[in-house]
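Lettering follows sequence order; numbering is per chain, from 1.
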Amino acid sequence: MLKLLSSSSCLPSRLHSRAASAVRTGSSDSTVPLLRVLNSLTGFTGKSLNLGRRAFFCSDSSDGSEQVVEIDVKGSESGAESKSSSASVPMNPRPEEYLTELGSEIQDSGVTVFSVPILTSPTSNSFGIPLAIELIEKQHWSELKAHVQDSSATTLLHQLFNSEADPEFILRYFNWSQKQFNVSHTLELTCRLLHSLANVKKYSKIRSFLDGFVKKTEKHSTSSIFHMLSMSSNQFCSNSIIIDMLLLAYVQNSKIQLAFEVFDRAGDYGFKLSALSCNPLLCALVKENRVGDVEYVYKEMIKRRIRINLFTFNIVINGLCKVGKLNKAKDVIGDLKVWGFSPNVVTYNTLINGYCKMGRSGKMYKADAILKEMVENKICLNEITYNILIDGFCKDENVSAAMTLFKEMRKQGLKPNVITYNSLINGLCNDGKLNEACCMRDEMLSLDLKPNIVTYNALINGFCKKKMIKEATKLIDDVRNQGLAANVITYNTLIDAYCKDRKMEKAFELHGLMLERRVSPDASTYNCLIAGLCRQGNMETARKLLEEMLDKGLKADLITYNILVDALCRKGESRKATRLLNEMLKMGLSPSHLTYNMLMDGYCREGNLRAALNVRAQMEKEGKHANIVTYNVLINGYSKRGKLEEANMLLNELLERGLIPNRTTYELVREEMMEKGFIPDIEGHLYNVSCSH
DNA sequence: GATCCGTGTG
């Protein structure tokens, strides 16, 4: 009734070759229990062809050994027997039932999908399942190998699933056979394995299995995994746990996009995830600056009633703070209180850090307000709190305030660490206090706190800012003597200093040195060098360097293009710069306000106001609105050409748009205005005296 | 079983 296909002239050519190989691989004693066939029906993506009374099923086996069987739909035993070379199939209980289902499924649609593994009959040789299990248990692999060949590896796996074998042994065999025969078992079998492990609560085994699974597998789409998993068991709880672990495995293997997809689809399937996996996902999204996705996951977690905890809130707050969404971060603090949590030291540290990193003046005042709230709520400051504040004050150019905190920190019995010192050294260096900065480094050494590369980079930067590049370069030797290695930031700092000092040979020397020492230059390295060459007007070499950069697989970024656009515009070659702008857009890079403004300025200086306006139109088309610099550039362009009416119109336009003119805005027009009898009124609007009379 | 802090450049 069911038999191996021996040969067939009616198969389409594509299938024919598969059939031929099936004949070679399938031994003549292979049989296909109907139960297996039916099991396979539940889920598979392959193809079947309905050819009258017979259907040919082509297995989707990923190991390359295609197996084809022929099924007589009508179930006529005699008809099947007419093909003498096919093997007969032992009948399972109530075969008629299966055949009826099978037949109708095939006849209903021209394309039905399922796989048909071919099993070697266990009775066909002396090797039985109990022996196999024993060998697997004892891990006598070489002995097992004597009994299992390429073609029967999957067969045995099926038999193990059907036996009462310990899922852990099945797992062992699963892994061994994949490695041994260099095959990947099908997704269907993988899901069966996961479910059998979940049934006996072997979660750590599932975890490590999934780790391997996500490491090598790129071929299974998220949707096929979900589909197959839910097809192979309707145990909702197991499915949720498996998916939860899969999500975590993706995150731990830095496959964040896949993890995100799993999170999303778990919602469609209604699988319940845990904070154990969702929190790391959130963390990864924060690290990748995908704040929109962070907000989405957070909202979904609440909607799906995932048991969120304080970690969840803190991670989300950090994500929001990182991109300056301080108000939203405060909203989340409100949320966490509603959920019955209280902000802890990490919550406050995160928020304080958020304010410290904000570019605005008075940021430390805001940070201080949070600090007060923290103290009121009896949350003790820790080392990190102090480090954040010390760094914040240093960046706010208030090193003395930072030093006060430094002292207070120690008075509180908290130990400053490398980060504390690095912040202070950096602050002192930026303040030009190199001696004090060096003293701090010595203090570190005396306290047995090892300065690291960050420490030295701060010092090197300090020397560079003071144009003491020779001294700065010497520090590279110090770095080596301390057993440290200069990194890309070290080299970039020095290269940039030499470029600014117009010592391009020296800069390229360092570039060579970093290559020699196997420190890979990054886009910034090239940007520094390209900017240096542009400053010298050496556009040709700059172009060449850009090509070298691209050849190395580094991507030219916004900065690279801005450097080049700026240089071309300064040279009066705005047209060439426009070509670069289009190149950027083609590369999917979004030009910044600066890019457009430089271009407009270039055209204005060339007297091509029409071209400048075209740039502005393009800018608006790309969704970037003119800012105050844009207006200043255009106003300057018009007033320099004596077109005061237009300049005046632009000034009114910017006021109408709610932009705030700055000093430059007025200075650009004032002189000419006065000369020509225009006077600016108190509010900045201009009117023509001669017209008003 | 995890969340918060430090370096450079256009």
Check the distance between [N]'s [atom2] and [X]'s [atom1] and give it to me in whole angstrom.
X	N	atom1	atom2	result
A:L285	B:dT3	CG	C1'	14 Å
A:I495	B:dG8	CD1	C1'	11 Å
A:M514	B:dG8	CE	P	16 Å
A:N461	B:dT7	CG	P	10 Å

For [X], salt bridge (charged side-chain N to carboxylate O under 4.0 Å, His left out) partners two or more places apart:
X	answer
A:D293	A:R290
A:R307	none
A:E295	A:K325, A:K328
A:K576	A:E573

Strand contacts (DNA chain B) in [range], 4.0 angstrom heavy-atom criterion:
range	result
residues 554-563 of chain A	A:I559, A:I563
residues 411-431 of chain A	A:V418, A:I419, A:N422, A:S423, A:N426
residues 515-548 of chain A	A:D522, A:S524, A:N527
residues 343-351 of chain A	A:V346, A:N349, A:T350
residues 307-321 of chain A	A:N309, A:F311, A:N314, A:I315, A:N318

If you look only at pairs with a residue in residues 333-344 of chain A, which of them pass as a side-chain hydrogen bond (donor to acceptor under 3.5 Å, both in side chains), with sequence neighbours excluded?
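Qualifying pairs: A:Y298-A:D335, A:N314-A:N344, A:N344-A:T347.
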Could you list all the ring-ring contact (aromatic ring centres under 6.0 Å, His included) pairs where at least one residue sits in residues 487-546 of chain A, not counting sequence neighbours?
A:H511-A:Y526
Can you tell me if A:N377 uses its side chain to pair, donor with acceptor, with the backbone of A:E373 under 3.5 Å?
yes
How is A:I388 classified with respect to the nucleic acid when contacts are heavy atoms under 4.0 Å: base, sugar-phosphate, or nothing?
sugar-phosphate
Which is true for A:K395 with a 4.0 Å heavy-atom rule: it touches a base, it touches only sugar-phosphate, or it touches nothing?
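Answer is sugar-phosphate: A:K395 comes under 4.0 Å of backbone atoms only.
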For A:F311 together with A:F341, are the ring centres under 6.0 Å from each other?
no
Going by salt bridge (charged side-chain N to carboxylate O under 4.0 Å, His left out), name the pairs with one or both residues in residues 534-555 of chain A, residues two or more places apart or in two chains.
A:R543-A:E583
